[in-house]
Amino acid sequence: DQQVKQNSPSLSVQEGRISILNCDYTNSMFDYFLWYKKYPAEGPTFLISISSIKDKNEDGRFTVFLNKSAKHLSLHIVPSQPGDSAVYFCAASATYNFNKFYFGSGTKLNVKP
Amino acid sequence: DSGVTQTPKHLITATGQRVTLRCSPRSGDLSVYWYQQSLDQGLQFLIQYYNGEERAKGNILERFSAQQFPDLHSELNLSSLELGDSALYFCASSPSLNTEAFFGQGTRLTVV
């Protein structure tokens, strides 16, 4: 039962352009969403989060947008840099459920110089 | 460096065997999570502990068990291992129940 889905396994973007990574969820009780970045041979690294009371959260080059009615969130990276090349996981949790995180299957981003 | 330490980094063992994976959370973090990542798959939640007590359970097999000790470190025990158990096992920790988790570098388990 995949409650969090990332339908694009990979994305290729030119350096300097915008990268948009998408994530969909099915559980309407989810109220906390996160993005993690993962390099090979390393554990996932927390990137940015958003609570369901907001529809946008920004941190430097990274912005996460949440559309609750569509059960959709996206991560925008502007401008994209070669060092951003990694696998990006979105995750969701419901605070009533003690923060059990459900992860998507990941999107591999390749930023070309 | 996330501050979460997992040992060992690599483990190769035979089918039918039993192994123990260890996790030391970040200093002060009370919550520990275990995740499994099979080849090219997402992270599958296994189990969560908070201050020594089991708080949430995911798709954890009956052959697997975990515990969190009084010093807050955690162990994941995998028994009667099968080839399909080969995966990366990640531990993560967070200070409380409602914050982002920080991941260790994982233990790569290979069952031959």
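Letters A, B, ... are given to chains in the order of the sequence lines, protein chains preceding strands, and every chain is numbered from 1. Side-chain atoms are counted along with the backbone in the values below, which use heavy atoms only and exclude waters and symmetry mates.
- When the side chains of ILVMFWY residues are joined at heavy-atom separations under 4.5 Å, either directly or via intervening members, F62(A) and L21(A) end up in a single hydrophobic cluster.
- Atom CG of residue D1(B) and atom CD of residue E42(A) lie 10.0 Å apart, to the nearest 0.5 angstrom.
- V78(A) is connected to I20(A) through a chain of hydrophobic side-chain contacts under 4.5 Å among Ile, Leu, Val, Met, Phe, Trp and Tyr, so both are in one cluster.
- Grouping the Ile, Leu, Val, Met, Phe, Trp and Tyr side chains by contacts below 4.5 angstrom, directly or via other members, places L88(B) apart from V4(B).
- Minimum heavy-atom separation, F46(A) to A101(B): CB-O, 4.3 Å.
- The number of heavy-atom neighbours closer than 6.0 Å to CZ of R61(A), taken from other residues, nucleotides and ligands shown, is above 12.
- L46(B) and F102(B) are assigned to two separate hydrophobic clusters, defined by single-linkage of ILVMFWY side chains at heavy-atom distances under 4.5 Å.
- When side chains are defined from C-beta on, F45(B) does not count as touching F103(A), because their heavy atoms never get closer than 4.5 Å.
- Between F103(B) and Y36(A), the two ring planes are perpendicular [angle over 60°; tilted spans 30° to 60°].
- Proximity of Q44(B) to Y102(A): side-chain heavy atoms (C-beta onward) are nowhere separated by under 4.5 Å.
- A 6.0 Å sphere centred on CZ of R108(B) holds no more than 12 heavy atoms belonging to other residues, nucleotides or ligands.
- In this structure, no portion of K108(A) lies under 4.5 Å from any heavy atom of chain B.
- For K57(B), the part sitting under 4.5 Å from any heavy atom of chain A is the backbone (N, CA, C, O) and nothing else.
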#### Entry: Audit row: E100(B), W35(A), side-chain contact (heavy atoms from CB on, under 4.5 Å) steps and yes/no
CA-CA 10 Å; E100(B) 65 273 10; W35(A) 284 94; over 6 Å; no
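- Under the 4.5 Å side-chain heavy-atom criterion for Ile, Leu, Val, Met, Phe, Trp and Tyr, V19(B) and L61(B) are members of the same hydrophobic cluster.
- Counting only heavy atoms from C-beta outward, the side chains of L43(B) and P44(A) approach each other to under 4.5 Å.
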